[in-house]
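The structure appears right after this line, and notes come after that.
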Amino acid sequence: MSVMDAMTINKPQAARAFADAEKPSLIGMSRDEMGAALREKGVAEKQIKMRVSQLWNWIYVRGVSDFDHMTNVAKEMREMLKQHFTIARPEIVEEQVSNDGTRKWLLRFPPRGAGRPVEIEAVYIPEEGRGTLCISSQVGCTLTCSFCHTGTQRLVRNLTAEEILSQLLLARDRLGDFPDREAPQGTIMPAEGRKVSNIVMMGMGEPLYNFDSVKQALLIATDGDGLSLSKRRVTLSTSGVVPEIFRTGEEIGVMLAISLHAVRDDLRDILVPINKKYPLKELIEACRAYPGLSNARRITFEYVMLKDVNDSLEDAKGLIKLLKGVPAKINLIPFNPWPGTNYQCSDWEQIEKFADFINSAGYASPIRTPRGRDILAACGQLKSESERMRKTERLAFEAMMIANHGADD
């Protein structure tokens, strides 16, 4: 394992971050919300549209995180913005770099009801023709999928649209993916084009249990006048929150991935317990009705390969039967072990037999190459140490934070 930049935040930085947390961030606001925020601070009505356009460009096209860098904005206006708003990035607690170039950031956000600052993980995976950023939507998770390390961390809180978007902005900062920025020496990334060309909502949490914030963040990420990611290069992965699946296609319009992992309800009830609420029949019906579904816009079904659990040829036959008529791609994921798990990865020979059977039935079934295993950055391995505190602990901690001007213990 190669670990790069084990960074901690010093007291002055923590104090500034704590102060900034009290200000609303312009990141994650819609244009209408940004306009309303400026109007409330006295910006003249005739200037609102122009000012919003300026800010949008500086934040999402130029990637600035300091109002003083907005050179075409009058000094008086910049002072007002600094006084009332923030566009600061989250604190980087630690950055790790895998032998294969995968990067994992441990990021810290303000408490916002959780009692103490919360931490989440985001992961960047460089490949030959693309760079994919895996983004978290919650601190922890409610789903308790039995094979998933993230699921062993209980839910602390949802992330805001700002916090979801900030993961993308920070990754682009660190990778030199904004104009006039350079990547750290030795960074592995695509040879051409954007360093972050694709994003997947596959980090910590269930995105569809935080629908509104995820929707707002992804609509801004795909806005043609800003970050301008193609909706075809944005994938939202869900464990099967059936009522929100149609809305995802209708209101966000990104690609859909289903965390499937079993073809029988009795087994999926164990592996993915949300199946007890939304069983396979309902889930597949929702997939068939997904807006825009076609052979050009297939649903990806994620299937983790667990030895002697879901990897038999009978399971493969069941998978073909279950997905009949659904334009689909099936991603086979070799299980990534984590401390304390009772599962083992299927033998490689068995994974290949499973894949060959799926392929012969006409479905693309790539075997996902394990990435970032040495830094626990692979699928299902993301977890932070954020925990919800009792009220008395929370009040004591917040008092200490104020008294010590953001001292970080």
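Salt bridge status for Glu250 with Arg247: absent, with no side-chain N to carboxylate O gap under 4.0 Å. Using a cutoff of 4.0 Å between basic side-chain nitrogens and carboxylate oxygens, Arg194 and Asp177 are not scored as salt-bridged.
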Exercise for the section: Start with the C-alpha gap between Ile87 and Leu55, add the side-chain angles, then the distance that decides, and say whether side chain to side chain contact (heavy atoms under 4.5 Å, CB included) holds. Expected result: CA-CA 10 Å; Ile87 51 173; Leu55 291 169; over 6 Å; no
Handout entry: Worked verdict on Leu260 versus Leu280 for side chain to side chain contact (heavy atoms under 4.5 Å, CB included)
Key = CA-CA 9 Å; Leu260 188 64; Leu280 284 167; 3.7 Å; yes
Practice task
Show the numbers, then the answer: is there a salt bridge (Lys or Arg N to Asp or Glu O under 4.0 Å) between Lys317 and Glu314?
Solution key: CA-CA 5 Å; Lys317 292 174 184 176; Glu314 285 302 311; 3.5 Å; yes
Handout entry: Step-by-step side chain to side chain contact (heavy atoms under 4.5 Å, CB included) determination, Tyr209 to Leu155
Key = CA-CA 11 Å; Tyr209 278 156; Leu155 179 69; over 6 Å; no
Exercise for the section: Go through Val139 and Glu119 one step at a time and tell me if the side chain to side chain contact (heavy atoms under 4.5 Å, CB included) criterion holds. Expected result: CA-CA 7 Å; Val139 185; Glu119 296 173 353; over 6 Å; no
Problem - Ser30/Asp32 under side-chain hydrogen bond (donor to acceptor under 3.5 Å, both in side chains): CA gap, chis, key distance, verdict - result: CA-CA 5 Å; Ser30 68; Asp32 287 346; 5.3 Å; no
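Listed here is the closest heavy atom pair of Leu229 and Val196: CD2-O, 3.9 Å. Among all heavy-atom pairs drawn from Pro327 and Ser294, the shortest one is CB-O, 3.4 Å. Pairing each heavy atom of Tyr343 with each of Ile270, the nearest pair is OH-CG2, 4.3 Å. The two residues Ser239 and Ile274 make their nearest non-hydrogen contact at O-CG2, 3.5 Å. What you find for Leu227 and Tyr60 is that their closest heavy atoms are CD2-O, 3.4 Å. Taking all atoms of both residues into account, the shortest heavy-atom contact from Leu26 to Met34 is O-CE, 3.6 Å.
Inter-residue side-chain proximity for Leu170 and Pro90 is flagged as met; some heavy-atom pair is nearer than 4.5 Å. Side-chain atoms of Leu313 and Phe357, non-hydrogen and from C-beta on, do get closer than 4.5 Å to each other. Under the 4.5 Å side-chain criterion, counting only non-hydrogen atoms from C-beta, Met305 is not in contact with Ile367. Using a 4.5 Å heavy-atom cutoff, the side chains of Leu38 and Leu81 are in contact. Using a 4.5 Å heavy-atom cutoff, the side chains of Ile245 and Leu256 are in contact. A heavy-atom distance below 4.5 Å is found between the side chains of Trp58 and Val73. For the pair Met201 and Ile164, the minimum side-chain heavy-atom distance is below 4.5 Å. Residues Leu165 and Met29 form no side-chain contact, since every pair of their non-hydrogen atoms from C-beta on lies 4.5 Å or further apart.
Within a 6.0 Å sphere centred on CZ of Arg78, heavy atoms belonging to other residues, nucleotides or ligands number more than 12. No more than 12 heavy-atom neighbours from other residues, nucleotides or ligands sit within 6.0 angstrom of NZ on Lys277.
Side chain of Gln216 to main chain of Gly28: a donor-acceptor pair is present (N/O by atom type, distance under 3.5 Å, no hydrogens or angles). Panel note: side chain Glu163, backbone Thr160; a donor-acceptor pair is recorded below 3.5 Å. When atom types are taken as modelled, the side chain of Ser259 and the backbone of Glu302 share no donor-acceptor pair closer than 3.5 angstrom. Looking only at distances, no side-chain donor or acceptor of Arg108 sits under 3.5 Å from a matching main-chain atom of Pro117. For the pair Asp311 (side chain) and Ser346 (backbone), a donor-acceptor distance under 3.5 Å is absent. Side-chain N or O atoms of Tyr303 include one that pairs as donor or acceptor with a backbone N or O of Asn310 at under 3.5 Å. At distances below 3.5 Å, at least one donor-acceptor pair connects side-chain atoms of Lys23 with backbone N or O atoms of Lys82. The main-chain N or O of Lys195 is found under 3.5 Å from a side-chain atom of Tyr124 such that the two form a donor-acceptor pair. Under a 3.5 Å cut-off, the side chain of Asp347 and the backbone N or O of Glu349 do not form any donor-acceptor pair. Under a 3.5 Å cut-off, the side chain of Thr102 and the backbone N or O of Ile125 do not form any donor-acceptor pair.
Annotation: the span from Asp225 atom CG to Trp56 atom CH2 amounts to 9.0 Å, rounded to 0.5 Å. Of the inter-residue distances, the one linking Lys104 atom NZ with Glu121 atom CD reads 4.0 Å to the nearest 0.5 angstrom. From Ile258, atom CD1 reaches atom CG of Leu283 across 5.0 Å, with rounding to the nearest 0.5 Å. Here the CE-OG1 distance, from Met255 to Thr248, works out to 13.5 Å after rounding to the nearest 0.5 Å. In this structure, Leu323 CG and Cys287 SG are separated by 8.0 Å, a value rounded to the nearest 0.5 Å. Considering OG of Ser237 and CD1 of Ile135, their distance stands at 13.0 Å, rounded to 0.5 Å.
Arg172 forms a cation-pi arrangement with Phe178, by the criterion of a distance under 6.0 Å to the ring centre and an angle within 45° of the ring axis.
Side-chain atoms of Thr238 and Glu206 include a donor-acceptor pair closer than 3.5 Å.
Taking the ring centroids of Phe301 and Tyr363, they lie at or beyond the 6.0 Å cut-off.
Of the options Asn331, Ile358, Ile330, a side chain to side chain contact (heavy atoms under 4.5 Å, CB included) to Pro366 is made by Asn331 and by none of the others.
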